[in-house]
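Here's the structure we're looking at; comments come further down.
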Amino acid sequence: MGRRLRLQKGELDLETGEIVGTSIRLNPKELSLASRLADSDAALPVETLLTDVWGYRPGVRSRTVYSTVGRLRKKIEVNPKEPVHLLQSDGGYRLVEGAEILELPDDFHGRVDAVATLRSWVAEGGVLGIHGSGGVGKTRLAEIAVTHLASRFQTHVWVALRGVRQLEDGLGAVARALGLGDASASRIRAALSARQPILLVLDDLDDLHAHAADLVEALEPSAARTVLVTARRQVPGARPLTLRGLDVWASRRMLRAGRRLDVDDEALDRLAEQLDHLPLALTMAAHWIGSLGAAALFEQGAILKGLHGTVERSWSRAPAPQRSWLCALAVVGGEAPLSLALALGPDEAMVHLQELVHRSLAQVRDGRVRLLETVRSFAADRAADPLPIRAAALGWAAEELERVVRSIGGPEQGGALAQLRVDQSVLVRVLEDSPRDETWDRAVLDFAVVLCRVGLIPQIDGWLQHVSGRACVEPMRVWSLVRQSMVIERRGGDPMAPLRLCPEPRPETHHGADYQVQLGVALLHHQQLDEAAVAFRSVVVGWPQTELVVRRARLGLARVRRAQRDLDGCLDELGQLERLARIAGDGLHELVALGTRAQVARQGGEALQAEVWTRQARALALELGEAPNAAHLSKMLGTLCGLSGRVAEGRRYLREALSYYQRHALLQSEGFVWMGLACLALWEGDYDGCETDLVHADRAFASTGFEPGLNSNQALWGRARASRGELRPALAHFERAEAGLGPSPSRRARAMFRGLQAVCRLQLGETVAHLPQLLKDLPDDPTGVLIGELIELSQGSTEQQADARARLGHRALDRAGG
């Protein structure tokens, strides 16, 4: 058994990071911090922790210690705002142990925090309330709390109030629990005074809620007369402790019930999620899981039906408008943004919503209304005709998407797109279930536009084909096919295919401008640069009133100029785009213009200007809340810092991008960041670190089958081998990279890989066939290293070749193709 620290919540195992007997786990960094503090008798300064725990070099400043301390306190402290273990003193932090450990029953899981909180509150006395939905474990928690609090009182009295609806009956129940024949309030108070300090538990005040405050007031709570109440709704005047479902660790423990089950954790987690992690439901499921299995219980939903009785009491007291509203929310999936919930709700919806929350029939968090699965299942069984509900939900979706589309190209665009990312799953669910009518068609076309900015979904292709197949008028058919082309382009396919089916729209129409821009994109995809320029230019000249489309056309012209290697013309178009975007408040197009200008500057060998524009673009992305673009720009900035020799700074930016990609499972981007980190390691001569990063990159690309990434990584393996003087293995890597290009690779990619092979062959003293053609095919290299190396190695004398190898050989392989 490893070393353990005694905390109020239990014993913290410093090897596993588990607080023994609870569901609390520390993550690796939190555990490292706790272990380092536990090893020290004195407070450790932040600078020391940054060095010892995070591995930062001395002098680095970061707020990561403070954020990690905050998370650690939430896990190990009973009251994080008043810590007793992780303390700050003398400019640093120290970890103190030695508190009383709570002894809890083996079948009581995940409520250590709640018990400890009640213990700390009892010292102040008064009225304490345990609140939450049916089946969440209010009564059970009160029973456990009484066991741990009894020693602090002369006596405790339990009063069961289920079914009691009148104040007089409530006072009578208290009197009977006290052994009194007289149920007057004065006699009850006198009896309580004689037994002080006393703990009085009023269990299940739901039926008496209308008079709950009067009953508590009649008992005159004080520091020596503590009243603990349990109810679904909060009792006025009570200090509330709100219970929710258990966490995933405690739910697994309850479902296993101490038995060795042949059931994996994933199946248990799915079942627990369906049961809202409610202790009552988990206890019921644990009785059956051994014989039926978790999958069968999940599919049958029998436990949910058994829990309907816990919802029935609250449901029966809710007025008709609230019941209808719950049915509507159940039909749309049980979770909805507040705007959708209000669109489906009755008059004075906010008042009704507050009542539903008080009755524990709904939850409101972060601007979303959510029903517990038990409530959703109960209400869904009672929903009458779902069609009007789905029609109302579709109307909300159409208005919401239209609002977002109107915001595109304006100052509100960033916030609207950010909110749409949050609501996207709800919009998909609404559109999947809605009737296919004209409102649905318009919503799908608008959805396609915004999805091209926030990330595609699989359903959008079929939806757009459905719209175009039934469109009878020119604008709808043109728009649907243009949207299909945009989606195909975003997926990396041929955007021309849908446009071939598209009737050319009439000139000077708004959808005509959309068509021309997308036609230019498709022509650019097929390298028909002059024709693409004509299409984009026609929009700039012929549709000046469509400002957003004109900005898209300007961006298209910049891409054409860049493909034509007219870098000055490209920068001029991007300058025009940036100016127009800034006037319109179009942050995303301004961001694209800055980022592209940085790429063009790097392509032209202007590394300093490229870095300046990249930093400006990254700052704008962070200001707009565009986290994906900020990550991409951090990756680009890290590469630029590395090329200028600032390896530590470059690694910091690359790690920042890597953190975002890993968090959002963007594996292809993650692979390129690992390659960037490998390049920095190679630059420093850390060959082992370079190969470790290359392995990570290979795994990221292989998991998605991304062949271009795998080929680039092979080339980087070759560069690493060549830098160590292993030219034959390096040559083999470059050959494999070229072979992986497939039957019809681009001339640029093939020439690059052949150029790297040629450097190896020349350094080995071999001849290279067709070298003049290879030099002609090689793409522009801002450093000029690869082409210069090939010329020197092929044309110089033996002495010059040796000198070239010493001066340029390894650096060429380090930089070329990066």
Heavy-atom closest contact ([X] atom, [Y] atom, distance):
X      : Y      : answer
Leu208 : Gly170 : CD2-CA, 4.3 Å
Leu12  : Leu7   : CB-CD1, 3.8 Å
Ala177 : Val157 : CB-CG1, 3.6 Å
Ala397 : Leu427 : CB-CD2, 3.7 Å
Thr230 : Ala142 : CG2-CB, 3.9 Å
Pro221 : Val227 : CG-CG2, 3.9 Å

Flag the pair Arg429 and Asp423 as a salt bridge only when some basic side-chain nitrogen lies within less than 4.0 angstrom of an acidic carboxylate oxygen.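 Salt bridge flag = no for Asp423 with Arg429.
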
Charged N to carboxylate O under 4.0 angstrom, Arg239 versus Glu124?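 Looking at Glu124 together with Arg239, the answer is yes, because their closest N to O distance falls below 4.0 Å.
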
More than 12 heavy atoms from other groups under 6.0 Å of [atom1] on [X]:
X      : atom1 : result
Gln459 : CD    : yes
Lys74  : NZ    : no
Gln196 : CD    : yes

Once salt bridge (Lys or Arg N to Asp or Glu O under 4.0 Å) is applied, what residue pairs with a partner in residues 195-204 remain, sequence neighbours excluded?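 The answer is Asp204-Arg313.
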
Please check: side-chain N/O of [X] versus main-chain N/O of [Y], any donor-acceptor pairing under 3.5 Å?
X      : Y      : answer
Lys75  : Arg25  : yes
Thr155 : Ile198 : no
Trp158 : Leu200 : no
Lys138 : Gly132 : yes
Gln363 : Leu372 : no
Ser377 : Glu373 : no
Arg323 : Ala318 : yes
Arg94  : Leu37  : no
His85  : Val96  : yes

Does anything in residues 161-182 form a side chain to side chain donor-acceptor pair (under 3.5 Å)? List the pairs, not counting sequence neighbours.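 Passing the test, one end in residues 161-182: Asp182-Ser184.
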
Applying side-chain contact (heavy atoms from CB on, under 4.5 Å), run through His131 and Leu241 and close with a yes or a no. CA-CA 6 Å; His131 308 292; Leu241 175 63; over 6 Å; no

For a side chain to side chain contact (heavy atoms under 4.5 Å, CB included) with Leu33, tell me which candidate from Asn27, Leu72, Leu26, Leu95 qualifies.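 Per the side chain to side chain contact (heavy atoms under 4.5 Å, CB included) rule, the option paired with Leu33 is Leu72, out of Asn27, Leu72, Leu26, Leu95.
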
With distance as the sole criterion, is a donor-acceptor pair present between the side chains of [X] and [Y] under 3.5 Å?
X      : Y      : answer
Ser251 : His277 : yes
Arg232 : Ser314 : yes
Arg225 : Ser193 : yes

Check the pair Arg390, Val331 against side-chain contact (heavy atoms from CB on, under 4.5 Å), reporting the backbone distance first and the verdict last. CA-CA 8 Å; Arg390 298 194 190 285; Val331 167; 3.7 Å; yes

Taking the six-membered ring of Phe378 as reference, does the NZ or CZ atom of Arg382 fall below 6.0 Å from its centre and within a 45° cone about the axis?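 Arg382 over Phe378 ring: yes.
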
Do any side-chain atoms of residues 332-356 form donor-acceptor pairs under 3.5 angstrom with protein atoms, and if so which ones, sequence neighbours left out?
residue, atom, partner, partner atom, Å
Glu335, OE2, Arg368, NE, 3.3
Ser339, OG, Trp396, NE1, 3.0
His352, ND1, Gln322, NE2, 3.2
Glu355, OE1, Arg233, NH2, 3.3
Glu355, OE2, Arg233, NH2, 3.4

